[in-house]
2 protein chains.
Amino acid sequence: MREFLKTKGYKMTPQRELVFRSFFELGEHVSVDELFDRVKRIDESVGYSTVWRNLKLICEVGLAREVTVGDGVTRYDRVTRKPHGHFYCLKCKSLQEFDLNEIAGRLSKVATAEKFETESFKVEIEGVCKSCRDKENKKAKRNLSTSPKISRTKPSRQK
Amino acid sequence: MREFLKTKGYKMTPQRELVFRSFFELGEHVSVDELFDRVKRIDESVGYSTVWRNLKLICEVGLAREVTVGDGVTRYDRVTRKPHGHFYCLKCKSLQEFDLNEIAGRLSKVATAEKFETESFKVEIEGVCKSCRDKENKKAKRNLSTSPKISRTKPSRQK
DNA sequence: TTTGGTATTGAAATTGATTTTCATTTAGTG
DNA sequence: CACTAAATGAAAATCAATTTCAATACCAAA
Ligand SMILES: [Mn+2]
Ligand SMILES: [Mn+2]
Ligand SMILES: [Zn+2]
Ligand SMILES: [Zn+2]
């Protein structure tokens with residue numbers, strides 16, 4: 001790692017070492033805050049901006065990619081596995097991955113047809129995951145006996 | 001329109017009227033700022049938050065959808081046409097649409113297979129559009145005669 | 001037409017994440 | 001050891017998105 005960075009003109013530091021290591025331990029869809037928390041637990045003195053900058057660096061050198069989905073926070077995803085899309089559950093905010101094999105092929109075709117030079121795809125499905133749906137169903141059943149009230153509340157305009 | 005909103009418990013106002021009308025005139029991938037500018041040109045007194053709120057309202061009642069792509073600003077897309085994806089050109093920041101017909105079908109399948117209840121898709125291709133590529137090529141040709149310099153500048157870490 | 005209760009508005013303030021600044025420290029090189 | 005560029009941490013700046021609040025306007029019911 002140290003060598004790899006050196007070739008690109010970067011130095012190694014204890015903080016960088018720690019951020020990199022922690023990132024690869026956590027791995028999946030980490031946010032800056034999450035990584036910062038974990039790093040802090042090991043070395044209280046590391047600053048937020050250091051974590052942020054090194055996360056950017058990890059992307060810079062091609063070891064991770066930013067993924068923004070659903071809410072307004074950027075997450076960082078290792079680039080080990082092959083291209084994949086993301087399910088985003090609107091209830092529990094969880095992320096699941098799914099394979100993009102055929103879909104990626106089709107997308108490439110579309111891009112070529114439109115003379116567009118593809119750099120990357122982003123495929124995302126928003127909805128409700130199974131476990132959240134199950135919970136809803138249970139709740140619905142429980143309420144069958146109680147008097148069903150019609151909501152008169154105007155739905156909030158804000159997210 | 002007035003009636004349509006009334007049934008949902010909303011009132012009509014000159015500002016709202018203006019925002020709605022301006023939005024449907026512009027139509028494609030408008031940002032709050034863009035719409036605000038346009039509205040301002042017609043009625044200087046309309047506030048930013050009014051434009052923002054009414055854009056949200058347009059989504060609320062199902063006439064538009066938010067689309068966030070590339071940079072960090074939310075754009076608003078009419079929901080007239082059928083599901084489509086977006087090409088985002090990293091050079092000129094332009095958006096092009098492409099049809100999602102077969103791809104949407106496949107995505108639905110994937111979702112079903114994973115017991116995921118789909119609410120919406122988001123399909124995006126980032127890259128370089130034809131016209132930007134053409135420009136690049138021209139530039140490259142022009143520079144064939146001049147001495148090619150190797151860049152020693154470390155690429156910026158910031159977006 | 002007047003009136004009363006809401007919804008809406010505009011300006012300003014707040015939020016929340018990201019990014020930059022800057023003074024200081026440190027890594028890597030010789 | 002000494003030098004230079006890179007890296008760090010704290011704080012400040014950005015920037016879009018959202019909320020607050022007092023004033024105003026809509027519109028349904030009298
Ligand atoms: Mn992922
Ligand atoms: Mn579109
Ligand atoms: Zn869920
Ligand atoms: Zn372009």
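Within every chain, numbering begins at 1; the chains are lettered A, B, ... in the order of the sequence lines, protein sequences first and strands thereafter. Since this is a predicted model, take the numbers as computed values, not measurements.
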Listed nucleotide nearest any side-chain atom of Thr13(B), set dA17(D), dT9(C), dT18(C)
dT9(C)
Of the nucleotides dG9(D), dT20(C), dA7(D), which has the atom closest to the Tyr10(A) side chain?
dA7(D)
From Leu90(A) atom CG to Glu126(A) atom CD, the distance as rounded to the nearest 0.5 Å
5.0 Å
Which comes earlier along DNA chain D counting from the 5' end, the contact point of Val51(A) or that of Thr74(B), where each point is its nearest nucleotide?
Val51(A)
Could you state the CD-C1' distance from Glu17(B) to dT9(C), rounded to the nearest angstrom?
16 Å
Examine the base of dT21(C) for any acceptor or donor lying under 3.5 Å from a partner atom in the side chain of Arg53(A), and report the outcome as yes or no.
yes
Val32(A) has a side chain; which of dT18(C), dG10(C), dA17(D) sits nearest to it?
dT18(C)
How far does CD of Glu102(A) sit from CZ of Arg106(B), to the nearest 0.5 angstrom?
4.5 Å
What is the distance, rounded to the nearest whole Å, between atom NZ of Lys6(B) and atom P of dC26(D)?
14 Å
Distance, rounded to the nearest Å, where Tyr48(A) contributes OH and dT19(C) contributes C1':
10 Å
Please tell me which of the listed nucleotides, dT19(C), dA5(D), dA25(D), lies nearest to the side chain of Lys11(B)?
dA25(D)
Can you classify the ring geometry of Phe87(A) versus Phe116(B) as parallel (below 30°), tilted (30 to 60°) or perpendicular (above 60°)?
parallel
Can you find a heavy atom in the side chain of Glu124(B) that is under 4.5 Å from one in the side chain of Glu124(A)?
no
Check this for me: does the side-chain of Ser49(B) come within 3.5 Å of the base of dA11(C) through a donor and an acceptor?
yes
Whether Thr50(A) contacts dA7(D) is assessed here as follows: a side-chain N or O lying under 4.0 Å from the phosphate OP1 or OP2. Is that the case?
no
Short side-chain N/O contact from Asn54(A) to OP1 or OP2 of dT8(D), under 4.0 Å:
yes
Which residue lies more 5' along DNA chain D, comparing Pro14(B) with Asp33(B) via nearest heavy atoms:
Asp33(B)
Taking only N and O in the side chain of Gln15(B), is any of them less than 4.0 Å away from OP1 or OP2 of dT8(C)?
no
Quick check: do Glu60(B) and Lys8(B) have side-chain heavy atoms less than 4.5 Å from each other?
no
Spell out yes or no: do the side chain of Arg2(A) and the base of dG28(C) have one donor N/O and one acceptor N/O closer than 3.5 Å?
no
dT18(D) OP1/OP2 closer than 4.0 Å to side-chain N/O of Lys56(B):
yes
Per atom distances to the Val73(B) side chain, the nearest of dT29(C), dT19(C), dA16(D) is dA16(D)
